[in-house]
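All remarks here apply to the structure that follows.
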Amino acid sequence: MEDWTHYFASDYAHARDKFREAARTANAAITTFTNPKEGPEGEILQTDVAVLGDAKADRVLLLNSGVHGGEGFCGSGALVGWLRSGRYRTLPEGLKIVLVHAINPHGFAWIRRVTEDNVDLNRNFMDFAQALPENENYGDLHPHLIPGRWDADAQMGLGETFERYAAEHGVFSLQSALSRGQYAHEDGIFFGGRKPTWSNETFRRIVRDFVRGAGHVGFIDYHTGLGPYGACDLITHGAPGDPDFERVRAWYGEGVSSPEAGNSTSAALTGTIHDGLASEAGTAQITSMTAEYGTYPVPYVLTSLIGDNWLHLKSEPGSPQWTEMKARMRQTFFPDERDWMEMISLRSFQIIRRAIDGLANA
C-alpha cells in the first residue's frame with residue numbers, strides 16, 4: 001500500500017509544490033491568485049485552482065482547502081492524495097472537478113486560523129451593507145482572552161474562566177459563545193470582519209469563473225480541530241427532513257450531522273463559506289458538506305487559538321516563545337503522525353467517491 005503520509009507537507013510552500021506537481025501530472029488546468037501580503041520568509045503567497053473534466057459540465061464538485069490557514073495541511077494532503085491516486089481518470093461524463101488549494105494562503109503560511117486581516121474567513125461571508133449580528137456572550141468573555149502576558153498562570157486563569165462559564169451555561173454554550181462568530185472585537189478570536197477579505201473575494205471569483213452555470217454543485221470543505229482524533233464529522237446545515245439535509249445524508253450516509261440537529265461537533269455559525277457559494281452559484285442546486293477531522297479536545301484547541309492571537313498582538317517573530325507557540329498551533333490542527341494522516345486520506349477518498357456518485361446520479 002502506498003505511504004499516504006507523502007501526500008502531506010510540513011509547510012505552505014512545500015504543500016503548494018506538491019499540489020501543483022500533482023495537478024500538472026493529472027493534466028489539470030491551473031489558475032493562480034496572488035495574495036497582497038507576504039509569508040514569514042518574504043515569500044509570495046498564492047491560491048491555486050486546478051480543474052479537471054468537462055469545462056462545460058452541468059455537474060461540478062468543488063473541493064476547498066485552507067479556509068482556516070493552519071488547517072490547510074489536512075486539506076492540501078487530501079487534495080494531493082486524490083490527484084496522485086489517479087481516481088480522476090474514471091470521472092463520469094458531464095462532471096467537472098474544481099480543486100482549490102489554500103484559499104487562505106496567508107493563514108496557511110503563518111500557521112494561523114485567520115487571514116491577513118485577523119479575520120475568520122468562515123465568518124466573513126456576510127452582507128456588510130446590513131446590520132451585523134451581535135454576540136453579547138462573546139463580549140463577556142473577550143476581556144479574558146487577551147491577557148497581559150502568556151504564561152502558565154495566564155493559561156490557568158483562562159481555564160478557570162472557562163470552567164466558571166461552562167458550569168453556569170454548559171460546555172457547548174461556551175463553545176458557541178466563542179466560536180459562532182463575532183463582529184465587534186477586531187483584536188479577538190473568531191472575528192468575522194467588517195468587509196470582505198481578499199480570500200472572500202477570491203473564492204467568489206473562483207465560483208463565478210469555474211462553478212456558476214452548473215445545474216448541481218457538490219461542495220466539500222476541509223477542516224480540522226473538532227471531534228475525536230482522526231474521526232471525520234460530516235457537517236451540513238438544516239435538520240432531518242429538510243431537503244438539503246436529506247440529500248447530503250443520501251450521498252454520504254448516516255454519519256451526517258448538523259448544528260441545527262444538535263448532533264454536530266460545531267456550533268451554528270454566521271457568515272460561512274457555504275453562504276458565499278450559495279450567493280455566487282446562480283440557480284444551481286448545492287449539496288454542501290464540511291469534512292471536519294478531529295485532533296485534540298476543545299479546551300486544548302481553544303487555548304492554542306487564543307495563544308496564537310495573543311502572539312500576533314503582543315510578540316514578534318523569531319523569539320523562543322514564537323517558535324514554541326507556532327509549533328503548538330501546527331500540531332493542534334495537523335497532528336504530524338502517520339495514523340492520523342492515514343485516517344484523513346482514507347476517509348477523504350471515500351467522501352470524494354460518494355460525492356462523485358451523488359452528482360453522477362443526480
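In this structure a side-chain-to-backbone donor-acceptor pair under 3.5 Å is missing from K96 to D54. Checking side-chain atoms of E134 against main-chain N and O of E136 turns up no donor-acceptor pair under 3.5 Å. T295 contributes no side-chain N or O that, together with a main-chain N or O of F333, makes up a donor-acceptor pair within less than 3.5 Å. Counting only distance, with no hydrogens or angles, the side chain of Q182 and the backbone of H185 share a donor-acceptor pair below 3.5 Å. Listed for the R212 side chain is a donor-acceptor partner under 3.5 Å among the backbone atoms of E280. Checked by atom type and distance alone, the side chain of N200 pairs as donor or acceptor with a backbone atom of N124 at under 3.5 Å. For N104 (side chain) and S199 (main-chain N/O), no donor-acceptor pair under 3.5 Å exists by modelled atom type. Put simply, the side chain of D209 never gets that close to the backbone of I206: no donor and acceptor are under 3.5 Å apart. The backbone N or O of T5 sits less than 3.5 Å from a side-chain atom of D3, completing a donor-acceptor pair. In this structure, the side chain of W340 engages the main chain of G294 through a donor-acceptor pair within 3.5 Å.
Listed here is the closest heavy atom pair of M289 and A291: SD-N, 3.6 Å. A50 and A28 get closest at one heavy-atom pair: CB-CB, 3.9 Å. Closest of all the heavy-atom pairs between A214 and V217 is CB-CG2, 4.2 Å.
Two different hydrophobic clusters hold F191 and W110 under the rule that ILVMFWY side chains link at heavy-atom gaps under 4.5 Å. Grouping the Ile, Leu, Val, Met, Phe, Trp and Tyr side chains by contacts below 4.5 angstrom, directly or via other members, places I103 apart from V114. Cluster annotation: L91 is not connected to V98 through the hydrophobic network of ILVMFWY side chains, with a link wherever side-chain heavy atoms come within less than 4.5 Å. By the criterion of side-chain heavy atoms lying less than 4.5 angstrom apart, applied directly or through intervening Ile, Leu, Val, Met, Phe, Trp or Tyr residues, V248 is grouped together with L61 in one hydrophobic cluster. Both Y296 and M341 belong to a common hydrophobic cluster when Ile, Leu, Val, Met, Phe, Trp and Tyr are linked at side-chain heavy-atom distances under 4.5 angstrom.
N135 CG to L178 CG: the interatomic distance, rounded to the nearest 0.5 Å, is 8.5 Å. The distance from atom CG of N122 to atom OG of S179, rounded to the nearest 0.5 Å, is 10.5 Å. To the nearest 0.5 Å, the span separating CG on L302 from CG on L174 amounts to 7.0 Å. Annotation: the span from C232 atom SG to I344 atom CD1 amounts to 7.5 Å, rounded to 0.5 Å.
In this structure, R330 satisfies the cation-pi test against F73, with its NZ or CZ atom closer than 6.0 Å to the six-membered ring centre and inside 45 degrees of the ring normal.
Residues Y183 and M126 have side chains in contact (heavy-atom distance under 4.5 Å, counting atoms from C-beta outward). Side-chain contact between N309 and L313 is present, with heavy atoms from C-beta onward closer than 4.5 Å. In this structure, the side chains of H106 and W198 stay at 4.5 Å or more apart for every pair of heavy atoms. Residues I220 and N64 fail the side-chain proximity criterion, which asks for heavy atoms closer than 4.5 Å. Between I97 and Y88 there is no side-chain heavy-atom pair separated by less than 4.5 Å. L346 has its side chain within reach of W4: a pair of non-hydrogen atoms, C-beta onward, lies under 4.5 Å apart. In this structure, the side chains of S279 and R204 come closer than 4.5 Å at one or more pairs of heavy atoms. The closest side-chain heavy-atom distance from L226 to V301 is not below 4.5 Å.
Classification of R249 and E246 as a salt-bridged pair holds, one side-chain N sitting under 4.0 Å from a carboxylate O. Taking 4.0 Å as the cut-off between side-chain N and carboxylate O, E342 and R338 count as a salt-bridged pair.
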Walk me through whether D58 and H216 qualify under side-chain contact (heavy atoms from CB on, under 4.5 Å).
CA-CA 7 Å; D58 187 56; H216 199 145; 5.7 Å; no
Between L63 and V100, is the side-chain contact (heavy atoms from CB on, under 4.5 Å) condition met? List the steps.
CA-CA 6 Å; L63 306 175; V100 182; over 6 Å; no
For the pair W310 and Q321, evaluate side-chain contact (heavy atoms from CB on, under 4.5 Å) and give the outcome as yes or no after the intermediate values.
CA-CA 11 Å; W310 181 93; Q321 189 175 33; 3.6 Å; yes
Just do the side-chain contact (heavy atoms from CB on, under 4.5 Å) check on L99 and L62 with the steps written out, would you?
CA-CA 6 Å; L99 303 94; L62 176 61; over 6 Å; no
List the steps and the verdict of side chain to side chain donor-acceptor pair (under 3.5 Å) for D120 and H68.
CA-CA 7 Å; D120 187 320; H68 297 138; 2.7 Å; yes
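Between D308 and the choices K326, R328, R113, the side chain to side chain donor-acceptor pair (under 3.5 Å) rule is met once, by K326. Exactly one residue among D233, T236, N263 makes a side chain to side chain donor-acceptor pair (under 3.5 Å) with S257. That residue is D233.
A donor-acceptor pair shorter than 3.5 Å cannot be found between the side chains of T270 and R123. Checked by atom type, the side-chain pair S288/H237 shows no donor-acceptor distance below 3.5 Å. A donor atom on one side chain and an acceptor atom on the other are found under 3.5 Å apart for H101 and S76. A side-chain donor-acceptor contact under 3.5 Å links S348 and Y222. Using a 3.5 Å distance cut-off with no hydrogens or angles, the side chains of E292 and H223 do not pair a donor with an acceptor.
Heavy-atom contacts from other residues, nucleotides or ligands closer than 6.0 Å to CD1 of I44 number 12 or fewer. Other residues, nucleotides and ligands contribute over 12 non-hydrogen atoms within 6.0 Å of the CD atom of E43. Other residues, nucleotides and ligands contribute over 12 non-hydrogen atoms within 6.0 Å of the CZ atom of R194.
Note on ring orientation: taking the six-membered ring where Trp is involved, the planes of H312 and W322 are tilted (angle from 30° to 60°).
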Give the table of side-chain donor-acceptor pairs shorter than 3.5 Å for residues 349-362, with sequence neighbours excluded, one pair per line with atom names and distance.
from : atom 1 : to   : atom 2 : distance (Å)
Q350 : OE1    : R347 : NH1    : 3.0
R354 : NH1    : W251 : O      : 3.0
N361 : ND2    : D357 : O      : 3.0

Side-chain donor-acceptor contacts of residues 10-19 below 3.5 Å, not counting sequence neighbours, with atom names and distances?
from : atom 1 : to  : atom 2 : distance (Å)
D11  : OD1    : A13 : N      : 3.3
D11  : OD1    : H14 : N      : 2.9
D11  : OD1    : H14 : ND1    : 2.8
D11  : OD2    : H14 : ND1    : 3.2
Y12  : OH     : Q46 : N      : 2.7
Y12  : OH     : Q46 : O      : 2.9
R16  : NE     : D48 : OD2    : 2.5
R16  : NH1    : Q46 : OE1    : 3.1
R16  : NH2    : Q46 : OE1    : 2.7
R16  : NH2    : D48 : OD1    : 3.1
K18  : NZ     : H6  : O      : 2.9

Report, one line per pair, each donor and acceptor closer than 3.5 Å where one atom sits in a side chain of residues 150-157; sequence neighbours left out.
from : atom 1 : to   : atom 2 : distance (Å)
D151 : OD1    : D153 : N      : 3.2
D151 : OD1    : A154 : N      : 2.9
D151 : OD2    : R149 : NE     : 2.5

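Aromatic ring centroids of F219 and H274 lie 6.0 Å or more apart.
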